[in-house]
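A short worksheet on the structure shown next.
Predicted model, so just to flag it, every value in this text is computed and none were measured. Chain A is the first sequence line, chain B the second, and so forth, proteins listed ahead of strands; every chain is numbered from 1.
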2 protein chains.
Amino acid sequence: MVMGRPRSFDTDKALDEAMEVFWRHGYDGASIAMLTKAMGIKPPSLYAAFGSKEGLLKAALDRYAQRRSEHMRFVLAGATARDVAERFLGSIAESHTDPANPPGCLLVQGGLACGAGSENIPFELATRRAQTETELRERFLQAKQIGDLPAEADPASLARFLSTVASGMGVLASSGADREALREVARVSLQAFTGSRSP
Amino acid sequence: MVMGRPRSFDTDKALDEAMEVFWRHGYDGASIAMLTKAMGIKPPSLYAAFGSKEGLLKAALDRYAQRRSEHMRFVLAGATARDVAERFLGSIAESHTDPANPPGCLLVQGGLACGAGSENIPFELATRRAQTETELRERFLQAKQIGDLPAEADPASLARFLSTVASGMGVLASSGADREALREVARVSLQAFTGSRSP
DNA sequence: TGACTTATCTACCACTCGATACAAAAGTTG
DNA sequence: CAACTTTTGTATCGAGTGGTAGATAAGTCA
C-alpha cells in the first residue's frame, strides 16, 4: 500500500492551538481564518484533517476531555465524598485560572448559545459537561452504599450541585476573577457537605 | 420646533424581541437579519433607533435589568440573610426556566466569549452580573452588622457564592434542565447558610 | 526511476456579515 | 397649503464567512 505525502504538521499541537481559539472566542467567534493562523496551516489542510469547523471543535473537545480525565481520576480517588468534593472544586479553581489556558472552562466558553447553522454546538458541549456530573454521581452513589454518605443524602443532587458550581466558577473565571476568588467559592460550597459554617 | 415623522414601531416591544434573540443565540450568533425580522423592522430603523448592534444589546440589557430589579427588590427584602439567599436562588430557579423566555440567563447566554470586534461584550455582561453580587454583598454586610450573620461570616464570599451558583444555574438551564433540577441545586446550596444536611 | 497516493498552496466560490446612501413617506408647524 | 424634520423601505456597500477546485509538492512502493 502507498502512503502518500506525510502530514507536515503535528495534529495534536494544532489541536491545542485550535482549542485555545475556541476557548477564548467561542465557536461562533472563532473564524476559520483565526483558527488556521493559530494552527499554522491553511484551510485545505484543516478540512482534510478534521472535515469541518464542527469536526475540528469535536476533535479539540476530545483532547480537552483527555486532559481533564487525568484530573478526574485524582478527584474520584478521594477517600470520602467530602474529599471528592473538595478535590473536585479545588481542581476546578486551579484549572479555570491556569495562566497556560484562557480563563474559564472550554465546555462553558465554547458556546452556550450559537447562531444559525450551529444549533447543535451547545448540545454537544452540554453532553460533555454532563459526563463529569455522571462520574461524580456514581462516585457518590458508591459512597452512600459504603455508608460514607448518610442514607438521606441524594447523590444525584450533590453531583448536580457540584457540577453547577463548577459551571458557575467557569463563568466567574471568564470575567477575570482570580484563583483566590474561586477558592473562596469552593470553600463556601463545601459547607453543603460538612454542615458547618465557615471559620 | 418640528417633530418629523413619528416612529411607527413600539421601542420597548421591539427591544423585547431583540432581547429574546440575543438570549437564544448570543451576541455573535444573533445576526442583524434575525434581529430585524424578530423586531418587525428594517435595518435602517434599527440603526436610527439604537446606533449599532452593540447599542441594541445594551438597550436590551437595560430592559433586562429593569425586569430583574423588581425581583431583586423582593429578594433583598428577606427578613434574614438565609431568607435572602433562599429567595434569591428560588427566583433564579423560576426565572431561568420561565417558558416565556429562552432558558437560562441573558447575562450568561449573551456571550462569555466573542469574536473579533466584539471583545467588549463579555466585559459588558460581566459588569452587569457583578451588579447583583454587589447588591447581595451589601445586604449581607447589613445582616452581619445587625447580628443576623455571625461575626466570622464573610458577606463578600457568601454573595460571590450565590452569584456563582446563579451563573451555574444559568448554564444548567440553558442545556435543558427543568425547574425541579434547579430547585434542587438551590436546596443544596442553601446548606452553606443553614449548616445542616439535607433531609 | 517512475507510478501512485496524499498533503499543501493559491486562488476563489457563493453567501452572509454589520452597516449605510438615497429617495419616498409621514407627520408637525408656519 | 408649503416648509421642515424625521422615519421608512429598497437596494446595496465592502469585508469577512465557511468551504473548495485544481495544480503542485512530497513522500512511499514497485
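Evaluation of the side-chain contact (heavy atoms from CB on, under 4.5 Å) rule for A38(B) yields E17(B), V21(B) as partners, not counting sequence neighbours. Residues satisfying the side-chain contact (heavy atoms from CB on, under 4.5 Å) criterion with S163(B), sequence neighbours excluded, are E133(B). Take E94(B) and apply the salt bridge (charged side-chain N to carboxylate O under 4.0 Å, His left out) test, not counting sequence neighbours, and it matches R179(B), R183(B). For D98(A), there are no salt bridge (charged side-chain N to carboxylate O under 4.0 Å, His left out) partners at least two apart in sequence or on another chain. E86(A) pairs by the salt bridge (charged side-chain N to carboxylate O under 4.0 Å, His left out) definition with R82(A), not counting sequence neighbours. With sequence neighbours left out, R63(B) forms a salt bridge (charged side-chain N to carboxylate O under 4.0 Å, His left out) with D12(B), D16(B). Here T134(A) pairs with R137(A) under the side chain to side chain donor-acceptor pair (under 3.5 Å) rule; sequence neighbours left out. Evaluation of the ring pair (Phe, Tyr, Trp, His ring centres under 6.0 Å) rule for F50(A) yields no partner, not counting sequence neighbours.
Of the options L136(A), L162(A), L158(A), D148(A), a side-chain contact (heavy atoms from CB on, under 4.5 Å) to V84(A) is made by L136(A) and by none of the others.
At dT20(D), none of the side-chain N or O atoms of Y47(A) fall inside 4.0 Å of OP1 or OP2 (strictly under the cut-off).
Taking atom CZ on F50(B) and atom P on dA19(C), their separation rounds to 14 Å, with Å as the unit. Between M3(A) atom CE and dT8(C) atom P the separation is 14 Å, expressed in whole Å. Between the CD1 atom of I32(B) and the P atom of dA11(D) there is a distance of 20 Å, given to the nearest Å. Between the CG atom of L57(B) and the P atom of dG18(C) there is a distance of 13 Å, rounded to whole Å.
Proximity of V171(B) to R129(A): side-chain heavy atoms (C-beta onward) are separated by under 4.5 Å at one or more points.
At a non-hydrogen distance threshold of 4.0 Å, R5(B), P6(B) from residues 5-23 of chain B come into contact with DNA chain C. A heavy-atom distance below 4.0 Å to DNA chain C is reached by these residues of residues 35-46 of chain A, ordered by number: K42(A), P44(A), S45(A).
At a threshold of 4.0 angstrom between heavy atoms, the contacts of A30(B) are confined to the sugar-phosphate backbone, with no base atom among them.
For residues 158-172 of chain A, the set of pairs meeting the salt bridge (charged side-chain N to carboxylate O under 4.0 Å, His left out) definition, not counting sequence neighbours, comprises R160(A)-E184(B).
Fit an axis to the five pairs at each end of the helix from dT1(C)-dA30(D) to dG30(C)-dC1(D) and the two axes sit 0° apart, to the nearest 10 degrees.
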